[in-house]
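Residue numbers begin at 1 in each chain, while the letters A, B, ... track the order of the sequences. Remember, it's a predicted structure, so these values are computed and weren't measured experimentally.
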Number of protein chains: 2
Amino acid sequence: MSIRPDQAERPATIHDIAAFCGVAASTVSRALSTPERVNVRTRARIEEAAARLNYTPNSQAKALSSGRTGAVGVLVPDITNPFYFDLIRGTQLQLKAAGYTQLLVDTEESDEVEASAMEQLRKGADGIIVAASRLSDDVLLAAAAKIPIVAVNRDVPGVPAVIIDTPSATSQALDHLISLGHTRVAYVAGPATSQSSERRWTALAAAAEARGVEAHRLGPFAPTTQSGAAAADAAVHSGVSACIAFNDLIAIGMLQRLSARGIRVPEDMSIVGCDDIFGADFCNPPLTTMASPIEQAGRVAVSMLLARLNPLAGGGRRSRSVMPTHLTVRGSTGPAPKV
Amino acid sequence: MSIRPDQAERPATIHDIAAFCGVAASTVSRALSTPERVNVRTRARIEEAAARLNYTPNSQAKALSSGRTGAVGVLVPDITNPFYFDLIRGTQLQLKAAGYTQLLVDTEESDEVEASAMEQLRKGADGIIVAASRLSDDVLLAAAAKIPIVAVNRDVPGVPAVIIDTPSATSQALDHLISLGHTRVAYVAGPATSQSSERRWTALAAAAEARGVEAHRLGPFAPTTQSGAAAADAAVHSGVSACIAFNDLIAIGMLQRLSARGIRVPEDMSIVGCDDIFGADFCNPPLTTMASPIEQAGRVAVSMLLARLNPLAGGGRRSRSVMPTHLTVRGSTGPAPKV
DNA sequence: ATGTGACTGACAACCGATTGCCAAAAGTTT
DNA sequence: AAACTTTTGGCAATCGGTTGTCAGTCACAT
């Protein structure tokens with residue numbers, strides 16, 4: 001009975017519906033996207049036909065003619081870093097809820113890959129969320145002029161951002177260590193290109209100064225468990241009794257290395273991580289860490305981006321959102337060893 | 001000097017190049033995609049112009065006219081499960097190498113979400129890789145008829161698949177436990193809808209039968225650390241001295257719960273996990289587990305899919321690939337307790 | 001010089017929508 | 001009933017490419 005006997009083969013188009021209802025394709029388009037522009041009765045017929053023919057709009061075509069792709073690019077430096085898992089989950093959830101598709105790109109910690117991905121996405125997506133961007137301020141700002149961007153953990157004036165406030169948590173961590181009697185503390189730095197790492201060190205150094213304790217800086221180290229081994233050795237050599245690591249991966253790597261070297265945690269050395277990623281609660285000993293609301297950060301980033309894409313639909317246009325963090329104390333920190 | 005003074009604003013199109021070189025748009029298209037179809041000199045001019053104008057093909061338009069989207073959908077039941085991280089990384093790497101874009105979708109362990117994602121992707125992607133599909137054989141087969149699909153850890157005749165051979169590793173794990181003196185072993189089952197879980201139990205039950213040891217089945221349990229607590233309690237209650245868990249998440253959850261209940265691992269109870277995910281090596285105690293080449297599985301899945309998409313470019317059309325696994329012994333298994 | 005075929009490049013239709021503009025239809029007002 | 005306004009729906013252009021078809025060019029063989 002169908003006009004298109006091959007409907008099982010090829011997905012129905014707007015033209016099929018038009019033919020089926022005896023109206024023009026443009027009318028169908030309007031009925032579906034601008035309902036008030038079409039007579040109620042016609043619209044009902046069209047909607048019914050659409051349902052019967054199992055119509056799904058072709059996103060490619062829609063994107064081409066309307067300019068909107070319905071996709072958002074999410075750029076992360078390293079997909080396998082558990083920190084980004086939670087972020088990705090947050091963005092994915094929120095994007096799906098808003099009817100957007102997520103394009104996930106691993107930039108491999110490279111500014112070049114990141115830049116080329118952005119250029120690519122400029123036509124393939126309506127907006128971009130970029131985590132821990134490796135791009136310089138200038139380049140990032142220039143990119144933001146071409147396509148809506150929300151940065152995560154990257155502060156550049158003029159670029160909307162979600163910042164996880166680890167610097168202030170770093171001071172908390174320091175106070176925690178001080179209260180346990182530690183006086184010589186090391187900051188185990190992350191990648192040299194990481195702005196977060198830099199900001200954390202600045203905060204830590206200032207806090208240490210104010211409280212009159214020694215703060216060493218070690219690194220930079222890659223944010224992986226592997227490089228945690230080198231970090232552990234450096235920490236032992238530096239003679240400190242406690243370390244605040246750039247992130248949990250490094251901290252966990254340190255835990256493993258210290259254990260292998262027979263150095264007890266926390267009896268001989270206390271370790272504080274950052275992010276509270278998957279695994280931080282069940283490593284040995286469980287890691288004291290600065291817990292970040294990562295997934296929430298992802299959701300907020302999406303909200304900010306979408307608010308920018310659809311200015312009409314209310315919502316404050318905050319251009320900077322700071323997410324609070326707090327110290328979660330577990331077993332990897334303890335009283336300073338008595339010399 | 002440019003013909004398009006606004007080139008900084010709007011990305012260059014094929015028509016801009018055509019105008020710039022004084023040729024037809026179709027010639028530009030051919031020069032770029034079918035080089036041998038165009039005179040060498042003309043092609044050179046076009047390529048130079050393309051470079052000068054900083055031309056990037058519009059993927060939407062390309063998709064619309066050619067029918068190929070250059071994207072591959074990757075469906076996973078739960079993005080936050082570390083098992084899939086590695087899989088995603090494998091697919092991402094291989095897809096990028098081949099010039100494809102990865103569309104990542106979290107199906108939330110729901111067959112409905114999975115089915116609708118597939119329907120959606122039918123026009124938005126050239127092919128689909130689906131991990132641990134929750135769909136019934138019929139539905140999956142029907143979907144595979146509409147769009148090229150490669151399944152991971154899901155065996156349906158007629159659907160190309162990459163299977164991680166955990167069932168045989170399960171027997172290895174059992175032998176390992178038997179060699180440690182265990183005679184009453186439990187299998188901690190995964191989700192009821194998981195084919196892998198089913199196959200593993202079948203293999204384990206058969207092996208246990210052959211070796212004359214008791215094998216209990218517990219569960220089903222959700223594949224999360226949370227449900228590991230319930231699993232641990234069930235295991236203790238069942239009176240077994242060793243457990244083989246559906247995956248590492250459950251196993252790690254069991255470790256935590258057992259520790260909280262004061263039951264020592266491996267002295268009182270041995271635990272074997274599956275997958276060797278991130279964290280399995282640094283939990284407490286480190287987990288004995290069946291190591292799966294997950295990332296490699298992702299790469300193989302992509303290769304199989306691409307071979308299907310571009311039949312010309314050689315490559316055997318294997319339609320089923322079994323990935324070997326092996327037992328990695330760590331600290332969570334030990335001699336059976338003397339009663 | 002003419003025929004043949006390989007090579008080039010242009011024209012135009014098409015992919016599946018969106019959208020500005022216009023005319024027909026319907027409803028209102030005087 | 002004529003004039004005017006508001007709906008309502010259709011035409012056709014457009015987005016940026018791809019691709020089938022065809023005509024023109026040129027070289028070579030006859």
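With dA10(C), dC11(D), dA17(C) as the candidates, the nucleotide lying closest to the side chain of Ser26(A) is dC11(D). Of all nucleotides listed (dG10(D), dC15(D), dT18(D)), dG10(D) comes nearest to the side chain of Val23(A). Checking dG17(D), dG16(C), dT8(C) against the side-chain heavy atoms of Asn58(A) singles out dG16(C) as nearest. Here dG16(C) is the nucleotide among dG16(C), dA17(C), dG17(D) with the atom lying nearest to any side-chain atom of Leu64(B).
We find that CD1 of Ile46(B) is positioned 12 Å from P of dT18(D), with the value rounded to whole Å. In this structure, Lys123(A) atom NZ and dG16(D) atom C1' are separated by 10 Å, rounded to whole Å. If you take CZ of Arg37(B) and P of dC22(D), they are 13 Å apart, rounded to a whole angstrom. Taking atom NE2 of His15(B) as the reference point, atom C1' of dG17(D) lies 7 Å away to the nearest angstrom.
Within the nucleic acid shown, Arg43(A) has no heavy atom closer than 4.0 Å to any nucleic acid atom. Looking at heavy-atom distances under 4.0 Å, Arg41(A) makes no contact with the nucleic acid at all.
A sub-4.0 Å separation between OP1 or OP2 of dT19(D) and a side-chain N or O of Arg68(B) is present. A close approach under 4.0 Å does occur between a side-chain nitrogen or oxygen of Thr42(A) and OP1 or OP2 of dG9(D).
Counted by atom type alone, Ser303(A) and Gln94(A) present one or more donor-acceptor pairs between their side chains at under 3.5 Å. Looking at Ser136(A) and Asp138(A), their side chains never bring a donor and an acceptor atom within 3.5 Å of each other. Side-chain contact check for Thr56(A) and Gln120(B): no donor-acceptor pair (N or O, by modelled atom type) lies under 3.5 Å. Between the side chains of Gln102(A) and Thr91(A), at least one donor N or O sits under 3.5 Å from an acceptor N or O.
Note that CG of Leu87(B) and CD1 of Ile129(B) are 7.5 Å apart. Values are rounded to the nearest 0.5 Å.
Taking only distance into account, the side chain of Ser65(B) never meets the base of dC14(C) through a donor-acceptor pair shorter than 3.5 Å. Counting atom types as modelled, Thr13(A) pairs no side-chain N or O with a base atom of dC15(C) as donor and acceptor under 3.5 Å.
Near DNA chain C, meaning a heavy atom under 4.0 Å away, the residues from residues 27-34 of chain A are Ser29(A), Arg30(A).
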